[in-house]
Protein chains: 2
Amino acid sequence: MDQADVVVPRQRALKHVQVREHVRSLIEAQPPGSAAPSERELVARFGVARMTVRQALDALVGEGLLERIPGRGTFVAQPPKTAGRLTSFTEEIRRRGMLPESQTLLARVEQAGPGVARALDISPGDPVLHWRRLRRADQAVVCVEDAYLNEVLLPGFLQHGTPTSLYEALAARGLRPSEVEDSISADRASAEEAAILEIAAGDPVLRHARRAVSDGRIVEVSRTCYRHDRFTVYLQLADR
Amino acid sequence: MDQADVVVPRQRALKHVQVREHVRSLIEAQPPGSAAPSERELVARFGVARMTVRQALDALVGEGLLERIPGRGTFVAQPPKTAGRLTSFTEEIRRRGMLPESQTLLARVEQAGPGVARALDISPGDPVLHWRRLRRADQAVVCVEDAYLNEVLLPGFLQHGTPTSLYEALAARGLRPSEVEDSISADRASAEEAAILEIAAGDPVLRHARRAVSDGRIVEVSRTCYRHDRFTVYLQLADR
DNA sequence: TATCTTGGCTGGTATGGACCAGGCGGACGT
DNA sequence: ACGTCCGCCTGGTCCATACCAGCCAAGATA
């Protein structure tokens, strides 16, 4: 093996990706309904074939960012539409125009118990990161969350301070969840939960359990207990 | 205007549609993982350009029916995966292997109040079907549901008895919801709800509100109140 | 026999040309 | 002043060709 084989993965930018990202940056600040560059215009600007431009636009149309109207042009599609999907607490609170905060109550490596081990698809006793946070929105206490992370996938995850957004930290490691299994139920607050959430024991709470999968690997298992008066889950589902 | 202009809209079958449907029929009986015809094979078979074949296969890949593997071929994808989506109470209970039952407490045409009118996107005072049902799973009381239906879209809906499954009845009229907006929260049972659900007033309940859209028209708005000890919402979400 | 090379397959990217139908506005004729 | 028609622009469809990278098995080589 000579040096020539030790190439940096210098992926030469694909034409259609260049065009796609250029258009994406053009339209992301545009209001819905405004016109995107025409296909032939992009052909001239980038010096590429029209099929290449169409491939780029197809991707954006597929993402729901653009809308084609034959005979008229290509336009920025209506607002996010099916927004807020697969979001974390931080992202969800921000989306509602509030300021998310997070106070770590506990962050340590534990040995997985049988329940957590099964949920994370590891063996009981394997190391897991247990991270308990009290979460606020605009200063008001909203929920307490216990997250269990597969330590093997996240070496030294909590060494350099605790990130604000778990999902953003996972994304930075290429482990952003792409699929989740959630369960949502109502229950009574335990004495411990009530103390943390500043409510009375037995008050209604919303429980949310999540198993998050990234690239076929289970990266996060969490259980969250919400004050019933400060949080509602909103969902948009579509059959396709 | 002569007769030549009065053409039947004889849409000559588009090539890529022909190829797409042919491949669809080929693969719909195949087990996941089996190979689909290669692109060049389809080019030869249909006498079309490869771009056309790719356009056809792109559509099927987009539908999740096919999966491309560079250097290997195109294969029938794993089954839909994301099962049980956009289901009604009846379907959801059946999916859990229990027997759903429904007892109509109220079924009549009312004048829409301001809240329901806004949710149904009609004017206050317009006629709406109000249908309240007590719902059971394996005989056990689970929830009470208030559904409001757009009377204009469903003439004589409750005339010939009340259907068991609302969604199946809607499907029979081509109005099965394709998109829904849900909100889920925890709360305390009101005195009336508690009496119906055979629990104590103030006990925790899970509230579920839904706006269901079919073909761009809002067909159903409902509010459901679940006993916290007998129902949990399960969800599978995926980013795409 | 075990390893290496190679060529034939796959899908992925890209070019450049061609024609169609539909939206739309300006030029034209009434 | 008004309506019609035509030409330009748009995206939609389709063709023929070319080269790339990855997979894989068969044949060549050590």
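Just so it is clear: chains get the letters A, B, ... in the order the sequence lines come, proteins before strands, and each one is counted from 1. Nothing here was measured: the structure is a model prediction, and the numbers come from that model.
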Quiz item: Atom CG of A:D58 and atom P of D:dG11: how far apart are they, to the nearest Å?
Solution: 12 Å

Practice problem: Sorted by first residue and then second, give each ring pair (Phe, Tyr, Trp, His ring centres under 6.0 Å) pair with at least one member in residues 38-78 of chain B; sequence neighbours left out. | Solution: B:H22-B:F46

Exercise. Could you tell me whether A:E92 and A:R96 have a side-chain N and a carboxylate O separated by less than 4.0 Å?
Key: yes

Practice problem: Name all residues meeting the salt bridge (Lys or Arg N to Asp or Glu O under 4.0 Å) criterion together with A:R20; count only those two or more places apart in sequence or in a different chain, and write none if there are none. | Solution: none

Exercise. Take the protein atom CD of A:E67 and the nucleotide atom C1' of C:dG23, then report the distance between them rounded to whole Å.
Key: 15 Å

Self-check item: Sequence-distant partners of A:R40, salt bridge (Lys or Arg N to Asp or Glu O under 4.0 Å), two or more places apart
Solution: none

Quiz prompt | For A:E101, salt bridge (Lys or Arg N to Asp or Glu O under 4.0 Å) partners two or more places apart | solution = none

Quiz item: In whole angstrom, what separates B:Q55's CD from D:dC15's P?
Solution: 10 Å

Quiz prompt | Partners passing salt bridge (Lys or Arg N to Asp or Glu O under 4.0 Å) against A:R207 (at least two apart in sequence or in another chain) | solution = A:D187, A:E193

Quiz item: For C:dT15, does either OP1 or OP2 sit under 4.0 Å from a side-chain N or O belonging to A:K15?
Solution: yes

Quiz prompt | Nucleic acid contacts of residues 19-28 of chain B, taken as heavy-atom distances under 4.0 Å to DNA chain C | solution = none

Could you pull out all donor-acceptor pairs under 3.5 Å where a side-chain atom in residues 63-72 of chain B meets a protein atom, sequence neighbours excluded?
| residue | atom | partner | partner atom | Å |
| --- | --- | --- | --- | --- |
| B:E63 | OE1 | B:R24 | NH1 | 2.9 |
| B:E63 | OE2 | B:R24 | NH2 | 3.1 |
| B:R68 | NH1 | B:E39 | OE2 | 2.8 |
| B:R68 | NH2 | B:D58 | OD1 | 2.2 |

Quiz item: side chain to side chain contact (heavy atoms under 4.5 Å, CB included) with B:P124: which residues, sequence neighbours excluded?
Solution: B:A117

Quiz item: Between atom CG in A:L14 and atom P in C:dT15, what is the gap in whole Å?
Solution: 11 Å

Practice problem: Would you kindly give the CE-to-P distance between B:M51 and C:dA14, to the nearest whole Å? | Solution: 12 Å

Using nucleotides 5-11 of chain C, report all nitrogen or oxygen pairs with the protein that are shorter than 3.5 Å.
| residue | atom | partner | partner atom | Å |
| --- | --- | --- | --- | --- |
| C:dT10 | OP1 | B:S38 | OG | 2.9 |
| C:dT10 | O2 | B:G71 | N | 3.4 |
| C:dG11 | OP1 | B:T74 | OG1 | 3.0 |
| C:dG11 | OP2 | B:E39 | N | 3.0 |
| C:dG11 | N7 | B:R40 | NH1 | 2.7 |
| C:dG11 | N7 | B:R50 | NH2 | 3.3 |
| C:dG11 | O6 | B:R40 | NH2 | 3.0 |

Exercise. Round to a whole Å and report the spacing from CD of B:Q18 to P of D:dT13.
Key: 13 Å

